[in-house]
There are 2 protein chains.
Amino acid sequence: MARKTGSHSEITGPKIKQTALELFARYGFAAVSMRKIASEVGVQAGAIYNYTPDKQGLLFDLLYGHMEDLLTSWHLQNVSQDPIAALDHFVGFHLDFHICRPDLVFISYMELRNLNPNNFIIIEDLRGNYENIICEIITKGISDGIFKVKDPKITSFAIIAMLTGVVDWFRSDGVLTEYDLKQHYSILTRQMLGVNGPA
Amino acid sequence: MARKTGSHSEITGPKIKQTALELFARYGFAAVSMRKIASEVGVQAGAIYNYTPDKQGLLFDLLYGHMEDLLTSWHLQNVSQDPIAALDHFVGFHLDFHICRPDLVFISYMELRNLNPNNFIIIEDLRGNYENIICEIITKGISDGIFKVKDPKITSFAIIAMLTGVVDWFRSDGVLTEYDLKQHYSILTRQMLGVNGPA
DNA sequence: GTCTATAAGAGGATAGAC
DNA sequence: GTCTATCCTCTTATAGAC
């Protein structure tokens with residue numbers, strides 16, 4: 001099929017997103033120029049504007065896509081009614097999903113402040129939906145008399161912070177396998193919720 | 001005492017640090033210009049260079065001061081040999097120290113990547129010293145047969161991430177008191193470590 | 001779809017007057 | 001210690017050729 005010289009829309013678009021992601025994660029949104037992104041992609045700065053209205057759009061797309069992915073992936077899971085099984089499932093899912101997307105996790109936390117107000121509200125809303133997932137698991141576990149914690153909301157925050165923090169230090173090519181990591185965090189969360197016994 | 005007109009070194013210095021801190025936390029290091037800092041302080045941009053060699057120095061001073069403060073404060077504490085008491089003490093100390101310094105906590109995590117390599121190493125080293133404190137408490141608790149976790153290092157990361165994450169949502173003027181917060185996290189950490197019973 | 005050129009301004013940092 | 005003025009580079013975004 002005929003195509004104009006220098007036309008690469010199927011490649012350039014994703015490449016711009018990927019490059020922006022890496023650079024934002026490495027240097028921060030404000031520190032990365034459109035020229036820098038373009039140069040890494042191998043095009044001129046002007047060409048980027050065929051794929052995004054502006055720099056803000058680039059950031060929003062990354063964060064929105066990430067949260068959509070996260071929520072969609074969770075809703076594809078088949079989750080047990082048993083609180084302990086559901087908790088284990090959530091821990092494993094959260095670690096799996098986040099460990100293989102360290103850059104997205106990083107900027108989703110880091111660059112929230114660089115979203116314009118409208119975009120910020122959208123992302124915060126999706127984030128709230130995700131927090132509700134674990135909160136509801138905990139709430140059910142408490143009312144079933146299985147989990148022994150007072151406040152499901154605070155406990156949700158504690159678990160999410162603890163799990164997401166793994167991204168800061170865990171390396172897939174290190175001595176600790178992802179399987180062992182998940183086992184360890186599964187035990188920690190179970191114990192945190194007052195459940196004893198092996199995972 | 002006589003003083004030149006327009007000379008305010010005792011005020012301007014601290015004011016620059018404080019303003020830089022607030023602006024870095026709010027907008028990010030790269031997004032804040034020396035002109036913006038100066039304008040907030042009420043001086044011209046050139047005047048800032050009487051207090052810092054460059055913008056990097058401003059960031060490093062904030063992060064270094066924070067870590068020094070943290071370590072010094074801990075070493076002023078009188079810590080029990082009893083692992084459970086020491087753990088509770090650490091949880092309370094960490095929450096107290098971090099809750100009243102949200103901006104410093106934020107940039108100490110966020111702006112690490114904007115430190116030049118030498119400065120980065122220095123801060124990371126201090127951070128490692130702090131992590132060792134809780135790691136040693138856990139290690140002792142395990143060998144005393146009181147804490148039931150496998151890996152003290154991973155558990156340290158989990159606890160620090162969980163506690164520091166509080167800064168993202170806790171507000172001193174909210175319905176939850178700092179006392180109740182500390183109680184709650186004290187129970188969560190105890191349970192996480194396999195210790196049962198009330199805090 | 002990508003390029004070059006350009007508009008219009010903001011950036012860090014310094015020099016020298018006061 | 002602070003000011004003004006300045007250097008020189010980099011910034012986002014657009015216009016129009018190809």
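Since this is a predicted model, take the numbers as computed values, not measurements. The chains referred to below are lettered A, B, ... by the order of the sequence lines, with proteins before strands, and numbering in each begins at 1.
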Tell me: NZ of B:K55 to C1' of C:dA13, nearest whole Å? 12 Å
Could you state the atom-to-atom distance from CZ of B:F24 to P of C:dG12 in whole Å? 9 Å
When the ring planes of B:H98 and B:H66 are compared, do they come out parallel, tilted or perpendicular, using 30° and 60° as the limits? perpendicular
Quick test of your reading of the model: are B:K36 and B:E40 salt-bridged, counting only N-O distances below 4.0 Å? yes
Charged N to carboxylate O below 4.0 Å: is that the case for B:K182 and B:D88? no
Is the phosphate of D:dT2 approached by B:T12 (side-chain N or O, under 4.0 Å from OP1 or OP2)? yes
Between D:dG1 (C1') and B:K15 (NZ): distance, integer Å: 14 Å
Tell me whether the side-chain N/O atoms of A:Y49 come closer than 4.0 Å to OP1 or OP2 in D:dA15. no
Aromatic plane relationship, B:W74 with B:F90 - under 30° parallel, 30 to 60° tilted, over 60° perpendicular: perpendicular
With a 4.0 Å cutoff (strictly under), does any side-chain N or O of B:S33 reach OP1 or OP2 of C:dA10? no
Protein-nucleic acid N or O pairs under 3.5 Å, nucleotides 3-5 of chain D:
{"residue": "D:dC3", "atom": "OP2", "partner": "B:Q44", "partner atom": "N", "Å": "2.6"}

Under-4.0 Å salt bridge between A:D103 and A:R26: no
Using whole Å, report how far CD1 of A:I11 lies from C1' of C:dG1. 12 Å
With a cut-off of less than 4.0 Å, is there a side-chain N or O of A:Y51 near OP1 or OP2 of C:dG1? no
Is the closest side-chain donor-acceptor distance between B:N119 and B:Y64 under 3.5 Å? no
Protein-nucleotide distance (B:I16, atom CD1; D:dG1, atom P), rounded to Å: 11 Å
Figure out the CD1/C1' separation between B:I48 and C:dT14, and round it to whole Å. 14 Å
Whole-Å distance between D:dT14 P and A:M34 CE? 10 Å
Within this structure, what is the OH-to-C1' distance between B:Y27 and C:dG11, rounded to whole angstrom? 17 Å
Over all strands shown, is B:V41 touching base, sugar-phosphate only, or nothing at heavy-atom distances under 4.0 angstrom? nothing
Polar side chain donor-acceptor pair, B:Q183 to B:D180, under 3.5 angstrom: no
